[in-house]
Amino acid sequence: MKNLKLYREISQNLELQSPQEVLVFSAFDIERNRLFFASSANIIYTAHLSSFQNGKSKGLLLPSEINQIELEDGDLITAFDYMMEKEALIIGTENGLLLLHNIDDNSTEIVGQVEGGVKCISPSPDGDLLAILTGFRQVLVMTHDWDLLYEIAVEEKENYGDGLDVRELDGKNMFGSFISWRGDGKYFAMISEASESSALLKKIKVWERDSGALHSTSDSKVFMEAVLEWMPSGAKIAAVYDRKVENRCPDIAFYERNGLVRSSFSIKEAVDATVESLKWNCGSDLVASVVRCEKYDAVKLWFLSNNHWYLKHEVRYLRQDGVRLMWDPVKPLQLICWTLGGQITIYNFTWISAVTENSTALFIDDSKILVTPLSLSLMPPPLHLFSLKFPSAVRDLALYSNNSKNRVAAFLSDGSLGVVELPDPDTWEDLEEKEFTVEASISETGFGSFVNLAWLDSHILLAVSHYGFSHSNCASYSSMGEDGLSGFCLQEIELLCSEDHVPSLVTGPGWHAKISHRNYMEGLVIGIAPNPAKNRSAFVQFDGGNVVEYTSMLGLAVTGGSTKHDDMSFSSSCPWMSVAKASDSGSLKPLLFGLDDIGRLHFGGKVLCNNCSSFSCYSNLADQVITHLILSTKQDFLFVVEIGDILHGEIELKFENFVHTGNRRKEENMNFINIWERGAKIIGVLHGDDAAVIIQTTRGNLESIHPRKLVLASIVNALIQRRFRDALLLVRRHRIDFNVIVDYCGWQTFLQSASEFVKQVNNLSYITEFICSIKNENIMETLYKNYISTPCQNRAGDVQAKDVMSFDSSSKVSSLLLAIRKALEEQVTESPARELCILTTLARSDPPMLEEALKRIKVIREMELLGSSDPRRTSYPSAEEALKHLLWLSDSDAVFEAALGLYDLNLAAIVAVNSQRDPKEFLPYLQELERMPSLVMCYNIDLRLHRYEKAFRHIVSAGDAYYSDCMNLMSKNPQLFPLGLQMITDPAKKMQVLEAWGDHLSDEKCFEDAAITYLCCSSLENALKAYRSCGDWSGVLTVAGLLKLEKDELMQLAHDLCEELQALGKPGEAAKIALEYCGDVNRGINLLISARDWEEALRVAFMHRKEDLVLEVKNAALDCASTLISEHKEGLEKVGKYLTRYLAVRQRRLLLAAKLQSEERSINDLDDDTVSEASSNFSGMSAYTTGTRKGSAASVTSSVTSKARDMRRQRKRGKIRPGSPDEELALVEHLKGMSLTAGAKNELRSLLFTLVKLGGEEIARKLQLAGENFQLTQMAAVKLAEDTISTDIINEKAHTLEYYIRKMRSTGAIIAGHVVPKSEWCSCMLACEESVVKMVLEGGIPKN
């Protein structure tokens, strides 16, 4: 559903050498873009196509080179073509000469002579062969080196006379295409006379290229002259039937290679019309013909779609011009026409969608416009709703649509203008299958040849017209410009209708048109488009992409004219230009989109997409402000782009230039649709809530798709406008998750609109469907996060607490269903459907409120049992229906248990029966419950339902007879012990509860809590055991005091505790018991030495004034100091070893990374999946790996293997495995782990002070120095590792251990593991010595 738009028409004239001279042949040079023409005077004219690029030329003369072909008197050029292999023209003459003419050096060479004369020369498409038709109807096939391959006879007759008679070269025969090759050059075809008696009958014959054998022959038909053209793709051979005998106009028929006719169509002209030539374009989608009529010659362009041929364009010439045509061999939409008198016109076409902005299709077919509103039905042509018939073929059209006013203007091939006003679109269904005849508008002057047409308002048309050349369509307007140049002008055409328009009828006659203003343009205008954001304004595009805004001169106070817009211009010419109205920061502005010939989509001076095949604009707003751009690419992907992304420059970031890379991770956010049929194009959209993109396949059928992004945008727009019913209908129609209605602005916000939602929807079935779909997940952050943003998500937090205070803010489902339930009770009248809907809200709550639902069903059942005549009874469903509805929504077991939870056995039995349970399963159980006392029954039901707190309350209330059951229940469910202490008031039983609770805590290894619990119930023995089990010796001895143990028992207990603590590795606490309870000083000192509590051991030894103990402490301290000095030295060696290893590993890894980056194929050139695999392989390589991993078995592993490997790495994290990928990090972590712990620092400090007090200053200094060196070296090594692991460069001078040690030493020293300034080190040592001296003077120990 597309129209062929002529956007550029340039005419220039060749200056012939004599008035009697005419052009007879043409040829094309593809490589150098040259045109060659041969005239009747044997003159060759050469013109370059570049001369046509400028639409304004002096005097309309085409610069050309002239070469005279010297022939014998009376000899004429009868065949003419260009040979690309020879870079020369091949010429055939009446006398049979074959000439090779070189244009560059103007030399002519005779390459051969043919008897009978040369009638046609046709090179094969690949240029390897040359087919020559002689006057004796013989076909000679030779190579481009003039070697004859074979010779065949066209007809079976043997006598062809004396050869080619010059008198046969009339205007018809000279220009026919006698020999036509298939596109691949494997076959060629001709029309030959049939062997039957009738001279009118002819046949199409097809020969094979290689052997010259006859491949196929068609049936005998009355073919018109020698008009034959093989489609370049090879599917069809076009020929013309002469049907004058049947009093009908000619038909164009299409044959297959096997000679069978495939289809045909009538040219719809007069009976005496003839088809002079047929030409396919290089794309094989258009066939052009020259049709000679009584008063004019017409160039007609036909197009095939849906197995129907449409006349898409017609250009009329004067009959005496003798127009001929040829297609550009490489540009499928560039047509070149030339006349006998030397006028050469180049037409440039483009395909544009026939669907207008209001989704109405205006499809051109000859003199008809087929009108189809796609919002009513998707009917591809030739189907249509109604049609408009004009006096002649339609060349261009424009639609004016504003509210209910719709007007169509059509420029016709006879140079006239047709205008029609359509009725209100709401009444178009009444016009189905009708055809309305439209008369041409009445005008006093001619309009010229229009190239573009657009409405400025309802009464003004703006058109681009030629000036300065003669054409049949503008014979009355062919004057030169003021400076004698030819070019283009903008014409404003004012339209008035003398008849009143009837809103329900089509108004065609009575239109008057006059040119009110002309504006001459200096450049070549290729497109105009009305400005939707400004009245009586349009954008004009010049060749090259420059865009100018044009303002009408009629009825405006401002000065008319044009304004240049550089920010809206395109970087190249865009034949397909579209203007849309968009909103930018609250203000409306026009947006210009342009699509050029090579598929680049332009906007704002930039290229949005480099591979675009079609595009359209979509609006979900009532004022037609566009919100999305829809485009399809040449790879058959459809993209939906928000206008905001285009205006804010985020399109490149989100869509990666619309290129399909095959990487799923990047394409997750691109939201493209894979068009299922190759070559399909976007022809339009359905705006608003329809949210559809209409595409047309290459076969011609229409398809409507609803991109999820557009559908969601329509739903969101309806929600913003609070059109809840429309939003719900869209959700149902397109199978969107219902939660989008709730989650877009936040469910807390929706709670305030629940009542309005129920009121608008007013359909309990829809509401039930909505209720069943609600879930706690926020789908705007999960399912639809890549489709649409949520600007309202922050509004949920602005809801006042008073508005939702009655809802559970932690549960989305329960809160929403509660709000819906309240709205149903308030807004909807009572009915069985409403009650079922309310039951649905209860069943779908999270968790399900089944008991509440069963209570409502119970009320209905009671009303039925009482036989109540209450009129409200009819407003409720039957209890059985309600129960079945509840069972359908919920799990039957859950409903049965909920019925039991109400302690209503009859209701439970009804539920069981309706859920199709086996009576053998539930009846005995219910009967057993019925025989129990009420509280015991409730207790058993609660136990079944795991409601232990309720069960406990019921069994306690049942009396003392069930006390054992209480204790068993608490033992199995320990969380009931606090409740048991509250409900059991008997002191003796309370003590039993406490003791049972203590036993439970002991079993759970909570000995400290168990001990306290035992103390509460005065179970001291158990408390003693609990304290002893948890190692709390203070609590043990305290309870022993409460037990009033004897001295010997207490002493024995203390000895046992001391041994236990010593065995548990707590010598300090064991020393305290030995000194305080056992009175064993020697043992206490030894234990303090084992605990390395040096100062305390020295204090105790001095307190008891035992020299042997002091000496023992001193010796132990000296041994410990020596050991620590050795350990620190060994630690220094390990630090140096690990650091050296780390630096070597790091250096090698950096070298390996640099080597990989310097390879020919860098990681950046790979696709993302390869990069991921390569980076994974690299991260898994150790510093000593000599090669990359190859093969899928080495690089691809299963997830189970990966998880197992991760678990093994987690277990072995503390180990250093040389050559492993984690060796660097393991070395750094090991260096960090070698630092002194807080306990080690305290022990070192205590040992240093003890040594000073005992006179070991020298060894103390050595220990101090060793500790300082170790700690300083370890800290420097860690700092060095941290600095190098974050950089890719290792400085051999700066990144050394010695440098870092000097750097840290200059800032401070270490005393007992703490960094202190150097000035304080000596004072600290002196203070230690003074304390020892003071102790000696007061009666202490002699100084050693």
Side chains of [X] and [Y]: closer than 4.5 Å at any heavy-atom pair?
X: S1246; Y: R1092; value: no
X: V1135; Y: F1270; value: yes
X: L1280; Y: T1296; value: no
X: L1263; Y: L1244; value: yes
X: R1141; Y: R1146; value: no
X: Q748; Y: K812; value: no
X: Y1138; Y: M1234; value: yes
X: D645; Y: E642; value: yes

As a quick check of understanding, evaluate side chain to side chain contact (heavy atoms under 4.5 Å, CB included) for I1285 and L1225, giving each step before the final call. CA-CA 9 Å; I1285 203 169; L1225 295 178; 3.6 Å; yes
Are any side-chain N or O atoms of [X] and backbone N or O atoms of [Y], one a donor and one an acceptor, separated by less than 3.5 Å?
X: N778; Y: M780; value: yes
X: Q1274; Y: L1231; value: yes
X: H648; Y: G644; value: yes

Could you go step by step and tell me if Q1271 and K1241 meet the side chain to side chain contact (heavy atoms under 4.5 Å, CB included) rule? CA-CA 10 Å; Q1271 187 74 341; K1241 293 176 183 178; 3.8 Å; yes
Mind checking salt bridge (charged side-chain N to carboxylate O under 4.0 Å, His left out) for [X] and listing every partner two or more places apart, or none if nothing turns up?
X: D1009; answer: none
X: E1229; answer: none
X: K1232; answer: E1282

Identify all side-chain donor-acceptor contacts of residues 1123-1130 below 3.5 Å with residues at least two apart in sequence or on another chain.
from	atom 1	to	atom 2	distance (Å)
T1123	OG1	D1119	O	2.9
S1126	OG	S1122	O	3.2

Can you tell me how far the [atom1] atom of [X] sits from the [atom2] atom of [Y], to the nearest 0.5 Å?
X: T1250; Y: E1095; atom1: OG1; atom2: CD; result: 5.0 Å
X: E1112; Y: I1089; atom1: CD; atom2: CD1; result: 4.5 Å
X: Y784; Y: K709; atom1: OH; atom2: NZ; result: 14.5 Å
X: T1284; Y: Y1142; atom1: OG1; atom2: OH; result: 3.0 Å

Residues in side-chain contact (heavy atoms from CB on, under 4.5 Å) with [X], at least two apart?
X: T782; answer: E777, I779
X: N1115; answer: L1111
X: S1034; answer: D1032, T1038
X: A1276; answer: L1297, Y1300, I1301, M1304

Provide the closest heavy-atom pair for [X] versus [Y] in the form atom of the first, atom of the second, distance.
X: W1094; Y: A1117; result: CZ3-N, 3.5 Å
X: V1228; Y: A1281; result: CG2-CB, 3.9 Å
X: A1010; Y: S1002; result: CB-OG, 3.4 Å
X: N739; Y: D737; result: ND2-OD1, 2.6 Å
X: A1054; Y: C1078; result: CB-SG, 3.8 Å
X: L1109; Y: A1101; result: CB-CB, 4.0 Å

Check this for me: E1069, atom CD, are more than 12 non-hydrogen atoms of other residues, nucleotides or ligands nearer than 6.0 Å?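 Enclosed: over 12 neighbouring heavy atoms sit under 6.0 Å from CD of E1069.
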Residues that [X] engages under side-chain hydrogen bond (donor to acceptor under 3.5 Å, both in side chains), provided they are two or more places apart:
X: N1022; answer: S1019
X: E1096; answer: R1099
X: D846; answer: N776
X: D999; answer: Y1014

After noting the C-alpha distance and the side-chain angles of Q1147 and L1151, does the key distance pass the side chain to side chain contact (heavy atoms under 4.5 Å, CB included) rule? CA-CA 6 Å; Q1147 183 70 25; L1151 291 175; 4.3 Å; yes
Relative to each other, are the rings of W997 and F977 parallel, tilted or perpendicular (30° and 60° limits)?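 Answer is parallel, since the angle falls under 30°.
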Could you tell me whether R1028 and E1060 have a side-chain N and a carboxylate O separated by less than 4.0 Å?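 A salt bridge links R1028 with E1060.
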What verdict does the side chain to side chain contact (heavy atoms under 4.5 Å, CB included) test give for F1102 and V1110, after you've listed the backbone C-alpha separation in whole Å, the side-chain angles of each residue and the deciding distance to 0.1 Å? CA-CA 7 Å; F1102 284 146; V1110 174; 3.7 Å; yes
